Amino acid sequence: MTYQVLYRTWRPQDFDELVGQDAIRRTLENALQQNRISHAYLFAGPRGTGKTSMARILAKALNCANPRGYQPCGCCESCLSIQRGNSMDVLEIDAASNRGIEEIRDLKEKMGFMPVLGKYKVYIVDEVHMLTTEAFNALLKTLEEPPAHVVFVLATTDVQKLPPTILSRCQRFDFRKIAPKVIQERLHEIASRLDVPVEADVFPLIVKKADGGMRDAISLLDQCLAFSPEGLTAETAYQVLGMLRHEALRDVLQAIIGHDPQALFLQIDRLLQEGVEPMQLLRDLAEYCRNLWMLIVCGPKTELVMASEQERQTMQDQGQTLGARRLQEMLVRLDQGAAGAKGRGNARFMAEALLAGLLTHPQAAQETVRQAVKPAEGPTPGPAAARPAQAKAEMLHAPAEKPAEPLIEITKEPVKPAVKEAPWEASIPKEKPAVPGKTFSKASAAGLSSNVWEQILQAVKSRRIVLHAFLTASVEQQLQDHRLTVNFDPEKGKFHKERSEEAENKRILLETARQILDPELQITYGFKQEDLDRDPVKKALAMFGESIVEIKD
Amino acid sequence: MAFSYEDAAGHVEKGKIRPVYLIFGEEDYLQEKLVEKIKAAWLTDVLPEFNDSREDGAKMTGAQAADLANQLPFMAPRRLVLIENPGFIPCTSGKPDKASREDAESSEGADGEEGTEAAAEEGLAAGKTVKAVKGAKTAGQEFLEYLTAPAESTCLILWCRKGKPDRRNKLVSTLEKQGGLVEVPALKTQEALRELRRLAAASGKRFGPGALEHLANYSRPSLRIIAGELEKIITYGGDASSIDLRMVQDVMTPSLEADIFSLVDALAQKKSTQAIHQLRSLLTRGEPPLRILFMMVRQFRLIFRAKIYLHKGHHRKQLSSDLDCSPFVAEKAASQSANFNFEDLERIHHWLLEKDFQLKNGANPRYALEELIMMIAEM
């Protein structure tokens, strides 16, 4: 006999065997029992959740000559012919390949004939969403008034594509993804009945990969068994399923956390040697980061992450070290990188570049600047170090003191990340600060470093995106003796200046800038040219040229 | 005066069946029920194969309809003819506006019959969509004759499934005078609830606490669909005499809007796990990510507006009209608004905008939406 794939040999043949869809099963059993058969059913749900199987079981139960209660007997002529797929009463139509109006007309014509063996003629229309609009309309007429001996079962993975007129004529059942535990039990059962030794660790892998689809799970098992028919170890399963081991991902991330380029590249190299696709590495790492994030946000026990107890522990630790915000950023970058690298020539370079990029995080660089800048800013070194914290504390209490502005409450946003990110901030070596602290102390003459301004803009953006837009229109920023001057173009920037000057906007910028630069900061808005007259240093610069900077130095 | 569904159904149940019906209105499901009722009452002891005919009337003239109705029943005392969308009855598509009706009435008063026709033509000239088959006037004449002397053995049902019959038309007004006009407009919430209770009672069930409200509010807003869901729930319940909330939640297919409610509810209560589960079930169901985002935007805008109105001192009861939505939705927005302050809402709006941009620029929808949810839940 030729080999039949596992998921076909193990296709459930009665309600008992179809696992994981209890509510639907109960409803259909009751319908059979109480004879409340609807003339049209719609089975919707992701693939491999039992739609077609359920439809066939229903067809058998409806037509069975001697049902056991409401279960089909599975041995009468009707049941057998349905199982063989040559029943006259049960017609399975693949709507994906018979999607035209002609096919539906044909179906309608034959519908008048009475069933041969059983009580009902059952039409199972699979992938019904593929029908054309005309075909749907033709079908609709039939669904409105079908002959008493006809039952329709429409099955689809994409219920959104069905017209509402069809939806409203059917009794709809939503098949859910099957719970991991249920799939695992079924796989276990199959493996033990096949009498093949399978390592216990294999099942969770398959279940994870199958993502709630029973058919996927069984055919993955089939695939693994084909690879090593005598027995299955986790090692082979990883290989066949093309999955990255948890340990591998853990090590890659650990290298990033530890800021260890060498370990990172070695690890990448090792994985690629093993035959892992670079893009898959990125995708899996993104998934891993997401899991870390879920773990620290939703708590270590969350069922959103599939992992063993031990894995959870390491993931939890790594997640804590990185902090939610950094994880989130890494996730976005990995995701974008994986999407952007699609179809590019050398995937390996892309992957390596992207992962190396995670080592030197832009946010990290900015944080370094921030660290470097703060102490240098204050006039007296002693109290200055304490000042930022003090300023933050003040801000936290601000709303209580300002009842006039009830809309604005605690400005958590800029404070939170600084606290959370402390661990990794510290782990970043200060060997290459983008802007040396000096720039600032002598900023009296020079313009504000673009990096710092960018940082202020980003912070503003998270609080009020409109203000961010206005501020980006400014052409020049200067910092001098606790005064930040934001200058706009005298011709084009008038509107932007006016809007930025509005009390609320001004306050937001002030608060943000104070937090980043200097707690005693004041802000002035101006136009670029006017400043030449007002600002003595600028004036001097204009008169004597830039050499003055060098003299000061 | 057109009869309501209730009156017409009541008459039918008492055995008073009119020779000609013209059924129209927005509530398709109840119209279908009424047709079924008439059929059941009229076609007793009749071979339905020969004496129950259903025709598409789009291309039919009044004369043809009259001919059809005048045919004698076959081996039975009575027969029933159902004509869907009769083309010889002029219908306005969409809701008829009051002005034109008043207009018509006034001219009717002045010129009698001719005035009506003139008004109908005016309607045409004014660009109103009045559909009528060519030569409707003469065809109407023949059908009018049938109306004055309908066949005794036939019950004729004209079923306008699209649009509203034009009452200025002679045929329609005659039918109205004869009492054959049945209008089934869209149901108001209370009426719909009553109808559902009746449906449940027909199967010998009653609703447990909260079950009916959950069914009506969380299902997709169409009586046909809700009735279908109810049938499913009753079947699920089996022998149980009451339908309780648990059963409804187990098997009902909720509307997208309802799912977004629960998602935002979960967010408001900082239950990120639950919110993410909700999101996933939406995504697995195949809802397009942008639609999910749009629905979230809609919900947060409703909350924002509700909060503003409440802040201004409007009463909760007033919100439904302020926000132009159903009382249930308004109530939901009001209670959810308590969980967010203005600052939060403003920030959420920015995030929503940002995610919209990301989704439209090729971000992985699952990550992007999950991220959004975490950001809001963690706020």
Side-chain angles (χ1 to χ4, degrees), chain A residues 22-24 26-31 33-34 36 38 44-46 144-145 156-161 164 167-174 176-177 211-212 286 290 293-294 297-299 302-304 324 328 331-332 334-336 338-340 406-413 461-465, chain B residues 28-29 32 54 56 203 220 222-225 227-229 231-239 247 250-254 271-274 276-277 280-281 284-288 291 311 341-344 346-347 349-351 353-354 358 361-364 366-368 370-371 374-375 377-379:
Chain A
D22 293 335
I24 299 169
R26 187 172 143 195
T27 314
L28 290 177
E29 283 176 355
N30 283 342
Q33 217 168 13
Q34 303 167 5
R36 292 182 87 112
S38 166
E144 273 180 23
E145 292 215 316
T156 178
T157 45
D158 205 346
V159 74
Q160 313 301 323
K161 288 200 183 125
L167 288 180
S168 67
R169 299 280 167 181
C170 301
Q171 201 169 100
R172 169 172 166 181
F173 291 99
D174 288 276
R176 305 200 173 118
K177 279 188 177 178
D211 191 28
R290 177 194 153 278
W293 191 30
M294 292 272 164
V297 174
C298 302
T302 178
E303 69 237 71
L304 292 168
Q328 187 185 332
L331 181 53
V332 170
L334 283 167
D335 179 32
Q336 281 171 356
L407 295 195
I408 307 301
E409 297 188 22
I410 306 169
T411 50
K412 293 186 222 169
E413 182 70 355
K461 190 179 179 185
S462 67
R463 294 186 56 185
R464 177 169 287 218
I465 208 155
Chain B
D28 194 53
Y29 175 70
E32 197 176 287
R54 182 177 184 143
D56 179 21
S203 307
R220 289 153 295 164
S222 138
L223 189 58
R224 181 190 301 282
I225 289 181
E229 293 290 334
E231 170 68 24
K232 184 166 82 182
I233 295 161
I234 290 174
T235 317
Y236 175 67
D239 299 328
M247 290 182 196
D250 273 354
V251 283
M252 192 183 76
T253 305
K271 290 182 187 159
S272 36
T273 312
Q274 201 184 322
I276 287 192
H277 269 305
R280 284 204 186 161
S281 81
T284 7
R285 219 166 69 188
E287 293 289 353
R291 194 185 293 165
H311 191 74
N341 61 37
F342 281 107
E343 172 109 327
D344 288 345
E346 190 182 336
R347 219 182 301 158
H349 276 71
H350 288 316
W351 289 340
L353 189 65
E354 210 173 285
Q358 286 181 7
N361 282 280
N364 179 331
R366 204 182 98 193
Y367 290 157
E370 276 182 0
E371 197 187 322
M374 304 277 247
M375 280 155 81
E378 250 196 303
M379 200 161 57

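Computed from a prediction, not measured in an experiment: that's the story for all the values here. Chain naming here is simple, since letters A, B, ... match the order of the sequence lines and numbering starts at 1 in each.
Per-residue counts of heavy-atom pairs under 4.5 Å with chain A were compared for B:I233, B:I276, B:I225; the largest is that of B:I276. With respect to chain B, the highest number of heavy-atom pairs below 4.5 Å among A:Q171, A:R290, A:E144, A:Q33 belongs to A:R290.
In this structure, no portion of A:L28 lies under 4.5 Å from any heavy atom of chain B. Interface remark: B:E287 contributes backbone and side-chain atoms alike to the contact with chain A (heavy atom separation under 4.5 Å). Proximity to chain A is absent for every atom of B:N361, based on heavy atoms less than 4.5 angstrom apart. Using a 4.5 Å cut-off between heavy atoms, A:A44 does not touch chain B at all. For A:E145, the part lying near chain B is the side chain, with the backbone staying farther off; criterion is any non-hydrogen pair under 4.5 Å.
Here the closest heavy-atom approach between residue A:T27 and residue B:T235 is recorded as O-CG2, 3.3 Å. Between A:N30 and B:Y236, the shortest heavy-atom contact is ND2-O, 2.9 Å. Between B:T284 and A:P46, the shortest heavy-atom distance links the atoms CG2-CG, 4.0 Å. B:E346 and A:R463 get closest at one heavy-atom pair: OE2-O, 4.1 Å.
The side-chain contact (heavy atoms from CB on, under 4.5 Å) search around A:Q328 returns A:W293, B:E371, B:M375, not counting sequence neighbours. Remark: B:T273 pairs with A:C298, A:T302, A:E303, A:L304, B:H277 by the side-chain contact (heavy atoms from CB on, under 4.5 Å) rule, at least two apart or across chains.
Applying the 6.0 Å contact sphere to CZ of B:R224 captures more than 12 heavy atoms from other residues, nucleotides or ligands.
With respect to the salt-bridge test (charged N to carboxylate O, under 4.0 angstrom), the residues B:E32 and A:R169 qualify.
To the nearest 0.5 Å, atoms CE (B:M252) and CZ (A:R172) are separated by 10.5 Å. Here CD of B:E343 is found 9.0 Å from CZ of A:R464. Values are rounded to the nearest 0.5 Å.
Here the side chains of B:D250 and A:R26 are not in contact, with every heavy-atom distance at 4.5 Å or above. Contact check for B:R291 versus A:Q160: side-chain heavy atoms found under the 4.5 Å cut-off.
Looking only at distances, a side-chain donor or acceptor of A:D335 sits under 3.5 Å from a matching main-chain atom of B:N364.
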